[in-house]
Participant: 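Let me begin by handing over the structure; questions about it come next.
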Amino acid sequence: MTVLDTRTLTSTDQAAPARAARARHYLMCAPQYFEVTYAINPWMNTSVPVDVERAKLQWEVLRNTYLSLGHRVELIEPLVGQPDMVFAANGGLVVGGRAYGARFRFPERGAEGVAYAEWLRHSGLSFVEPVETNEGEGDFLTLRSMILAGTGFRTSLAAHIEAANVLDRPVVSLELVDPRFYHLDTAIAVLDDGNGTAPVEIAYFPGAFSRHSRRTLRDLFPHAIIVSEKDACVLGLNAVSDGHHVILPSAATGFAEQLRERGYTPVPVDLTEFLKSGGSVKCCTMELHR
Ligand code: ARG
């Protein structure tokens, strides 16, 4: 007798590999004090008002999306006068019980580094104070066997070396050249970090990188999803994946289709208020990597 696998019967795309979600641990910060009062990237325009009520709703939907997918979400208390603190990804880099603190490039965000450091210190992680300028998971993307690190606008090359020493992991430096994609997490999305059974998989927009970094990416990830400029320009790559579900900005419809073809389930969310500050899904989320 043959036992039929119902998953195969209901599957619409026989070629797509099976995807498995892994429960994640995230840190977020409510957008109570979110606004655009200074401009430190080309998306920010202080004369365009932010609808804070709408921002709060959009952020709640993102948080509830994580919770409904079974992920753990912790919260850090927002600080008055720190409008960008909602972008939790920038607060540090946590890998394997160690936390490498952030040291922001611009003084406007300096106080956030202190607040995130305090949270990380009190969460039982072994915390290392950074010497070099770095904006946490904004510029550091963690994979099973290496950390991808961005430089060019915010995080310094020296911080890549510091992170490698602190976290005892190989770090691959990538140079960002287009100011619209000033953090690595605006130009690369980690779809599978390789910690489960599937191989590492990323998506990226080549135009954000220098020629030699494009070459590095091509060599390391020959099967990566190449995302269009159109989707990159709605910060479509600023996405969060659990290995199966990929939470991404709803305007990135082409990327969502590419994800479906590879067997992922895209989960579109509307974070347009945060786009006014140059942020989206990933920016609002720090993953505490085990
Ligand atoms: N306005 C913030 C800044 O320019 C946005 C940060 C977005 N965060 C990120 N992880 N890309 O610093």
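As the structure lists them, so they are numbered: ligands from 1, and atoms in each ligand from 1.
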Participant: Just let me know how Glu137 lines up against ligand 1, side chain, backbone, both or neither, with a heavy-atom cut-off below 4.0 Å.
Facilitator: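 Contact part for Glu137 vs ligand 1: neither.
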Participant: For atom 6 (C) of ligand 1, which of the options Asn90, Val36, Asp185, Asp84 provides the nearest non-hydrogen atom?
Facilitator: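 Closest candidate by heavy-atom distance is Asn90.
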Participant: Would you mind listing which atoms of ligand 1 come within a distance below 4.0 Å of any non-hydrogen atom of Arg154?
Facilitator: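 Near Arg154, meaning under 4.0 Å from one of its heavy atoms, ligand 1 has 3 (C), 4 (O), 12 (O).
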Participant: How long is the gap from SG on Cys233 to CZ on Phe181, to the nearest 0.5 Å?
Facilitator: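 Going from SG on Cys233 over to CZ on Phe181, the span is 4.0 Å.
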Participant: Please write down residue, atom name and distance for the protein heavy atom closest to atom 3 (C) of ligand 1.
Facilitator: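 Result: Arg109 NH1, 3.4 Å.
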Participant: Is there a donor in the side chain of Tyr38 and an acceptor in the side chain of Asp84, or the other way round, less than 3.5 Å apart?
Facilitator: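 There is such a pair (donor and acceptor under 3.5 Å, judged by atom type) between the side chains of Tyr38 and Asp84.
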Participant: Within 45° of the axis and under 6.0 Å from the centre of the six-membered ring of Phe209, does NZ or CZ of Arg214 qualify?
Facilitator: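 No, Arg214 and Phe209 do not form such a contact.
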Participant: Looking at Gly138, which atoms of ligand 1 are within less than 4.0 Å of one of its heavy atoms?
Facilitator: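 It comes down to these atoms of ligand 1: 10 (N).
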Participant: With no hydrogens and no angle check, do the side chains of His223 and Glu201 hold a donor and an acceptor under 3.5 Å apart?
Facilitator: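 Note: His223 and Glu201 side chains miss the donor-acceptor criterion.
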Participant: Applying a heavy-atom cut-off of 4.0 Å, say which part of Phe106 lies close to ligand 1: side chain, backbone, both or neither.
Facilitator: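 None of Phe106 does.
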Participant: Is there any N or O on Glu135 that sits under 3.5 Å from an N or O of ligand 1?
Facilitator: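 Such a contact does not occur with ligand 1.
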Participant: Check whether any N or O atom of Ser277, backbone or side chain, sits under 3.5 Å from an N or O atom of ligand 1, and answer yes or no.
Facilitator: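 It does: an N or O of Ser277 is found under 3.5 Å from an N or O of ligand 1.
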Participant: With backbone taken as N, CA, C and O and side chain as the heavy atoms from C-beta onward, which portion of Lys282 lies under 4.0 Å from ligand 1: side chain, backbone, both, or neither?
Facilitator: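 For Lys282, no heavy atom sits under 4.0 Å from ligand 1.
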Participant: Using the test side chain to side chain contact (heavy atoms under 4.5 Å, CB included), find all partners of Arg144 that sit at least two apart in sequence or belong to another chain.
Facilitator: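 Scan of Arg144 (side chain to side chain contact (heavy atoms under 4.5 Å, CB included), adjacent residues dropped) gives Asn195.
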Participant: Could you tell me the separation between the CZ atom of Phe34 and the CZ atom of Arg54, rounded to the nearest 0.5 Å?
Facilitator: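 Reported to 0.5 Å precision, the distance equals 11.5 Å.
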Participant: So how far is it from Phe104 CZ to Thr155 OG1, rounded to the nearest 0.5 Å?
Facilitator: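 The CZ atom of Phe104 sits 9.5 Å away from the OG1 atom of Thr155.
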Participant: For the CG atom of Leu191 and the CG atom of Asp242, what is their distance to the nearest 0.5 Å?
Facilitator: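 One finds 11.0 Å between CG of Leu191 and CG of Asp242.
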Participant: Among all protein heavy atoms, pick the one closest to atom 9 (C) of ligand 1 and tell me residue, atom and distance.
Facilitator: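 I find the closest protein heavy atom is Cys283 SG, 2.7 Å.
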Participant: So is Phe104 touching ligand 1 or not, going by heavy atoms under 4.0 Å?
Facilitator: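 No heavy atom of Phe104 comes that close to ligand 1.
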